Peer 1: 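Below you'll find the structure I mean.
Since the model is a prediction, treat every value here as computed from it, not as a measurement. Chain letters run A, B, ... following the sequence lines, proteins first and then strands; every chain starts at 1.
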There are 2 protein chains.
Amino acid sequence: MKRVSETTTGTGPRGGGSAGANLGVLRSHNTALVLGLLRDAGAEGISRLELAERTGLTPQAVSKITARLREEGLAAEAGRRASTGGKPRTVLRLVPEAGHAVGVHLDRDELRVVLVDLDGAVVAERCAALDLGAGAEAVLEAVCAGVREVAGDPRAGAPGEGGPARAVSPLGVGVALPGPLDHARGVLHRVTGFPEWDGFPLRDALAERLGVPVVVDKDTNAAALGLAVGGEEGGAGGSFAYLHLGTGLGAGLVIGGSVHRGARTGAGEFGHQVVQLDGPLCECGNRGCVEVLCLRAAARGEVAEAARVLGVAAGNLVGLLDIDRVLLGGRTVAGAPEAYVRGVREVLDARAHREGAPEAAVPVRVAPRGERAVAEGAAQLLLAPLFGRGEG
Amino acid sequence: MKRVSETTTGTGPRGGGSAGANLGVLRSHNTALVLGLLRDAGAEGISRLELAERTGLTPQAVSKITARLREEGLAAEAGRRASTGGKPRTVLRLVPEAGHAVGVHLDRDELRVVLVDLDGAVVAERCAALDLGAGAEAVLEAVCAGVREVAGDPRAGAPGEGGPARAVSPLGVGVALPGPLDHARGVLHRVTGFPEWDGFPLRDALAERLGVPVVVDKDTNAAALGLAVGGEEGGAGGSFAYLHLGTGLGAGLVIGGSVHRGARTGAGEFGHQVVQLDGPLCECGNRGCVEVLCLRAAARGEVAEAARVLGVAAGNLVGLLDIDRVLLGGRTVAGAPEAYVRGVREVLDARAHREGAPEAAVPVRVAPRGERAVAEGAAQLLLAPLFGRGEG
DNA sequence: TCCACTTTGGCAACGCTGTTGCGAAAGTGC
DNA sequence: GCACTTTCGCAACAGCGTTGCCAAAGTGGA
């Protein structure tokens, strides 16, 4: 088996300008597209001709691409379909064990590390208490230890339960954490409550210690990415919002299949959307933020009111972006999922009815995967580019 | 001179899936990229080596592409730069007269038609009163007459002033109008106040009569597109919101250099964003929409309050999408531009200060081009794809 | 005035992409 | 057992950007 992804032959753009494409870019684009369809097909697999139809490539081109993928060990034959009067189609599938990635969820009081395979399935997991305020050295060491453990690295000491069957060398580590940060540079900004992290180059610090590529992103973005590639959420091209209601209120936006971060990774600031002019003061300095209204209502036990307020804010977002669905997550939602879904749905349905398009009401659901969603999504920060769900 | 854009050799994707790319797609992508840089360079022009740097292509590839463009009449040499110790660089520029497009602004009571060249400069213009409620036949005929006139078509009768020097055959017509509609299919939905237009296939009806490609879009989207390619607004990759305050309140969103429409062309519903829970009833059925609050304040003459409310809503949008700037337009804004800009800016500045990043305050400006912005942008619906600023 | 040097940019050969033409393989159905 | 359909690989091909090379067109010092 060769190395995963030798496809980055293309030089890429040099300046800040838009990218000119050469044959290397063309090849890796098409390869990623095919790989993505293979993954979406799951255990069922997909035939060469279906791949050709879905991509618009000729069958011969698909044959060449899949031959390369089989040579590299990323794809394999998996039986054949029923004949329709001629030679039956050979079914191809992704080989999930051909590559792994690590996802790290760095929360204020907890550290969760998962190892996932190419399919996104969790192969190993570690979870431990952690104080984000304990200083850079302690946190970095804890993260590195967690990564080595889930990867089965012998340096990590005795392989406890929950580890992988054998040691794997992951192709990278994705780290998701709450505060505002710069995804492109991997630098943290004033993490709420922990000013000592302001300006810390987390990505480079971890990459140096671990010796593998590292990507850093906001927790809500990671969760949204994980849901976007989760298969059930409509595949490529879909748009949705993941609303996370926990100690705070934030959102991860997926537009056209990729996470929308904005130029400064500031997108998704959903909680400080003003929905009540001159309302109660929020700690952010504004008045009438959804976060304050929603969390206060929740604290008073008025879940219906909290859900209604959340629904109004969600309605604003839906109208602004014309997205396809809304997913709810976070500890507060987990406490009364049906109530929140019902409350938000009522507001959105009413809006759709008034606009005379009741059939177009945006569906509201609880986000699957619960507590592990962020860590799994963090791992997807590295896997997604392989499958053509990269930077939009 | 050959025909404009013979570059669509690529088969394109067949199904609804993501597009696999072949050599034809590769070529047209790079050609469009170069063409876009040539346009952005304007009358100054740009050298081959600069094009190579900006695109990431090799100088030789740029030479081949520009040679093709010169052969087709789309580009031409325009002098040379000062030498830096060797052979001086030859400067290339776009030939604006090599192609034209028509932009139509179909408003409730007015019809405006412009003819623009490849540079986006207005070459001819017509403006006339029009009643959108006069029935499909009358409106279609008025639009067709306007298009023929600005194009100098002999069938249009005597060429009045404001027409082009000689007849041109435009490569397409872009139509922008208020109501909700389906950009992808070119079909109108219940245009506010004119129910008879519901479901009317405007694009196909016009395309058949005129015999050229037609694209239909919302007026705010067209205006935003026109501003996006206007040069001064930061070129490719920029993100901004165009807020239009006229008889209603709407927005056009540009994300990463292309217009964000959403799956159903519903994006940009800015006016019915709720900013005051249980506030005054809006005609849309919601309570506390920005549109109601803002327009009522404006009607009372309280421009500062209207601007503040607008600013709060703009702040919500800026936070949600992390965009780079906000542009204001529309008749109401035109009535007191400084006041609106000042009011919105104050809200956004205050928000940036509270977040500890006063240097990152989002700039607020009045959108240039005024009354003609929508018509010019409508023409760009056809030109933008030529320059690689297509469907994102 | 000449010559060495730098820089631009075209010509030709090349490697690689997806495409086309064709035929072998592997089924179904009469 | 034969005709037919369908899949899919081999081989030749056209077209893309790339590389190696060299002519053209300047500068600047001797």
Peer 1: Output the rounded distance in Å from CD (E50(B)) to P (dG9(C)).
Peer 2: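 That distance rounds to 11 Å.
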Peer 1: Let me confirm one number: the CG-CD distance from L37(A) to E53(A), rounded to the nearest 0.5 Å.
Peer 2: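 It is 11.5 Å, given to the nearest 0.5 Å.
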Peer 1: When you measure from the side-chain N and O atoms of N30(A) to the phosphate of dG18(C), is any distance below 4.0 Å, counting only OP1 and OP2?
Peer 2: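 True: N30(A) side-chain N/O within range (under 4.0 Å) of dG18(C) OP1/OP2.
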Peer 1: Identify the residue among I255(B), V254(B), L253(B), L321(B) that makes a side-chain contact (heavy atoms from CB on, under 4.5 Å) with F240(B).
Peer 2: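 Among the candidates, only V254(B) passes.
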Peer 1: Separation of L26(B) atom CG from dG15(C) atom P, in whole Å?
Peer 2: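 The distance from CG of L26(B) to P of dG15(C) comes to 19 Å, rounded to the nearest Å.
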Peer 1: Roughly how far, to the nearest 0.5 Å, is the CZ atom of R48(B) from the CD atom of Q60(B)?
Peer 2: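 That separation rounds to 10.0 Å.
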Peer 1: Whole angstrom is fine here: how far is it from CD1 in I65(B) over to P in dG15(D)?
Peer 2: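 Spelled out: CD1 on I65(B) to P on dG15(D) is 16 Å.
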Peer 1: Does a distance-only test, which skips hydrogens and angles, find a donor-acceptor pair under 3.5 Å between the side chain of Q60(A) and the base of dG9(D)?
Peer 2: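 Check passes, donor-acceptor contact within cut-off.
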Peer 1: Using atom CG of L57(B) as one end and atom P of dG15(D) as the other, report the distance to the nearest whole Å.
Peer 2: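 My rounded result for the distance is 20 Å.
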Peer 1: Taking the nucleotide of DNA chain D with the closest heavy atom to each, which residue, R70(A) or P88(B), is nearer the 5' end?
Peer 2: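 Nearest nucleotide further toward 5': that of R70(A).
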Peer 1: Take atom CZ of R68(A) and atom P of dC16(C), then tell me their distance rounded to the nearest Å.
Peer 2: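 My rounded result for the distance is 11 Å.
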Peer 1: Taking CG from L33(B) and C1' from dG17(D), how many angstroms apart are they, rounded to a whole number?
Peer 2: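 Distance, rounded to whole Å: 14 Å.
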Peer 1: Compare side-chain N and O positions of T84(B) against OP1 and OP2 of dT7(C) and report whether any pair is under 4.0 Å apart.
Peer 2: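 Answer is no, no contact under 4.0 Å.
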Peer 1: For L23(A) and for S83(A), locate the closest nucleotide of DNA chain C by heavy-atom distance; then report the residue assigned to the nucleotide nearer the 5' terminus.
Peer 2: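 Checking each residue's closest nucleotide, the 5'-ward one belongs to L23(A).
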Peer 1: Determine, for R39(B) against D117(B), whether the closest basic-nitrogen to carboxylate-oxygen distance falls under 4.0 angstrom.
Peer 2: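 Salt bridge: no.
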Peer 1: Take R89(B) and G86(A), find for each the nucleotide of DNA chain C with the closest heavy atom, and name the residue whose nucleotide sits nearer the 5' end.
Peer 2: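 Taking each residue's closest nucleotide, the earlier one in sequence belongs to R89(B).
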Peer 1: Using a 4.0 Å heavy-atom cut-off across all strands, classify S47(A) as base, sugar-phosphate, or nothing.
Peer 2: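 Since no nucleic acid heavy atom lies under 4.0 Å of S47(A), the category is nothing.
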Peer 1: At under 4.0 Å, does any side-chain N or O of S63(B) touch on OP1 or OP2 of dG10(C)?
Peer 2: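 Checking dG10(C) against S63(B), a side-chain N or O does come within under 4.0 Å of OP1 or OP2.
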Peer 1: Rounded off to whole Å, could you give me the CD-to-P distance for the E53(B) and dG9(C) pair?
Peer 2: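 One finds 13 Å between P of dG9(C) and CD of E53(B), rounded.
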Peer 1: Quiz question: going by heavy-atom distance under 3.5 Å, is there a donor-acceptor pair between the base of dT19(C) and the side chain of K64(A)?
Peer 2: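 Side chain to base: pair present.
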Peer 1: Does R80(B) place a side-chain N or O at less than 4.0 Å from the phosphate oxygens OP1/OP2 of dT8(C)?
Peer 2: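 R80(B) to dT8(C) OP1/OP2: no side-chain N or O under 4.0 Å.
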Peer 1: When the distance from CZ of R27(A) to P of dG15(D) is rounded to whole Å, what number comes out?
Peer 2: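 So the two atoms are 22 Å apart, to the nearest Å.
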Peer 1: Answer yes or no: does a side-chain N or O of N22(B) lie under 4.0 Å from OP1 or OP2 of dT19(C)?
Peer 2: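 So the side-chain polar atoms of N22(B) do come within 4.0 Å of the phosphate oxygens OP1 or OP2 of dT19(C), strictly under.
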Peer 1: What distance do N30(A) atom CG and L35(A) atom CG have between them, rounded to the nearest 0.5 Å?
Peer 2: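 Reported value, rounded in 0.5 Å steps: 12.0 Å.
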Peer 1: Give the nucleotide from the list dT8(C), dC8(D), dT17(C) with an atom nearest to the side chain of K87(B).
Peer 2: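 In terms of side-chain proximity for K87(B), the closest of dT8(C), dC8(D), dT17(C) is dT8(C).
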